[in-house]
Amino acid sequence: EVQLVESGGGLVRAGGSLTLSCATSGFTSDDYNIGWFRQAPGKEREGVSCISRSDGSTYYEDSVKGRFTISIDNARKTVFLQMNSLKPEDTAVYYCAGDIYSLSPFLGWFLPSSYNYWGQGTQVTVSS
């Protein structure tokens, strides 16, 4: 059974940094994608970034390009989201999600419906 566990959220001032981690287990092959999503109160869940375990391709939502970096530690089976220059509008619950069916390029990476597995979420709060 695939399991995803997020950690690393917290409270940070605008301009600060946080690194989120998504520890994965249960994948039976190296062909999967891990996405990061966020959901603010009253808003829909939106795709932030995604990485392909098989070929390392990365994807970013426009508002986080240049500020967020997604990476994967294959040995530890953990995906990281380094978030710099944080803004109050980045405040949300952040989720990691796993997809085992999509091939590269992963054109639907930003759609929640593209993913089969979800973590429990971690809160990120950016104060102004």
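Predicted model only: the values in this text are computed from it and were never measured.
In the hydrophobic clustering of this structure, Trp36 groups with Val126; members are Ile, Leu, Val, Met, Phe, Trp, Tyr whose side-chain heavy atoms approach within less than 4.5 Å, directly or through other members. Using a 4.5 Å cut-off between side-chain heavy atoms of Ile, Leu, Val, Met, Phe, Trp and Tyr, with links allowed through other members, Val124 and Val79 fall into the same hydrophobic cluster.
Atom OG1 of Thr69 is separated from atom CZ of Phe80 by 13.0 Å, given to the nearest 0.5 angstrom. Between Ser71 atom OG and Gln82 atom CD the span is 8.0 Å, to the nearest 0.5 Å. Atoms OG and CZ, on Ser113 and Arg45 in that order, are 12.0 Å from each other to the nearest 0.5 Å. Distance CG/Asp90 to CZ/Phe68: 4.0 Å, rounded to 0.5 Å. A distance of 4.5 Å separates CZ in Arg38 from CD in Glu46, rounded to the nearest 0.5 Å. Taken from OH in Tyr94 to OG1 in Thr122, the straight-line distance is 10.5 Å, to the nearest 0.5 Å.
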Sequence neighbours excluded and cut-off under 3.5 Å, please list the side-chain donor-acceptor pairs for residues 101-111, or say none.
from   : atom 1 : to    : atom 2 : distance (Å)
Ser102 : OG     : Asp99 : OD1    : 3.4
Ser102 : OG     : Asp99 : OD2    : 3.3
Ser104 : OG     : Asp55 : OD2    : 2.8

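Side-chain contact between Thr19 and Met83 is absent, with no heavy atoms from C-beta onward closer than 4.5 Å.
Screening Asn74, Ile34, Asn33, Thr24 for a side chain to side chain contact (heavy atoms under 4.5 Å, CB included) involving Arg53 leaves a single residue, Asn74.
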*asked:* Apply side-chain contact (heavy atoms from CB on, under 4.5 Å) to residues Val2 and Tyr32 and explain how you reach the verdict.
replied: CA-CA 11 Å; Val2 172; Tyr32 59 88; over 6 Å; no
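In terms of the disulfide (SG to SG under 2.5 Å) criterion, residue partners of Cys22 (sequence neighbours excluded) are, by chain and number, Cys96.
Gln123 and Thr125 are linked by a side-chain donor-acceptor pair at a separation below 3.5 angstrom, with hydrogens and angles left out of the test.
Taking the charged nitrogens against the carboxylate oxygens, Asp62 and Lys65 do have a contact shorter than 4.0 Å, which makes a salt bridge.
Tyr115 and Phe37 have perpendicular rings, their planes meeting at more than 60° on a 0 to 90° scale where under 30° would count as parallel.
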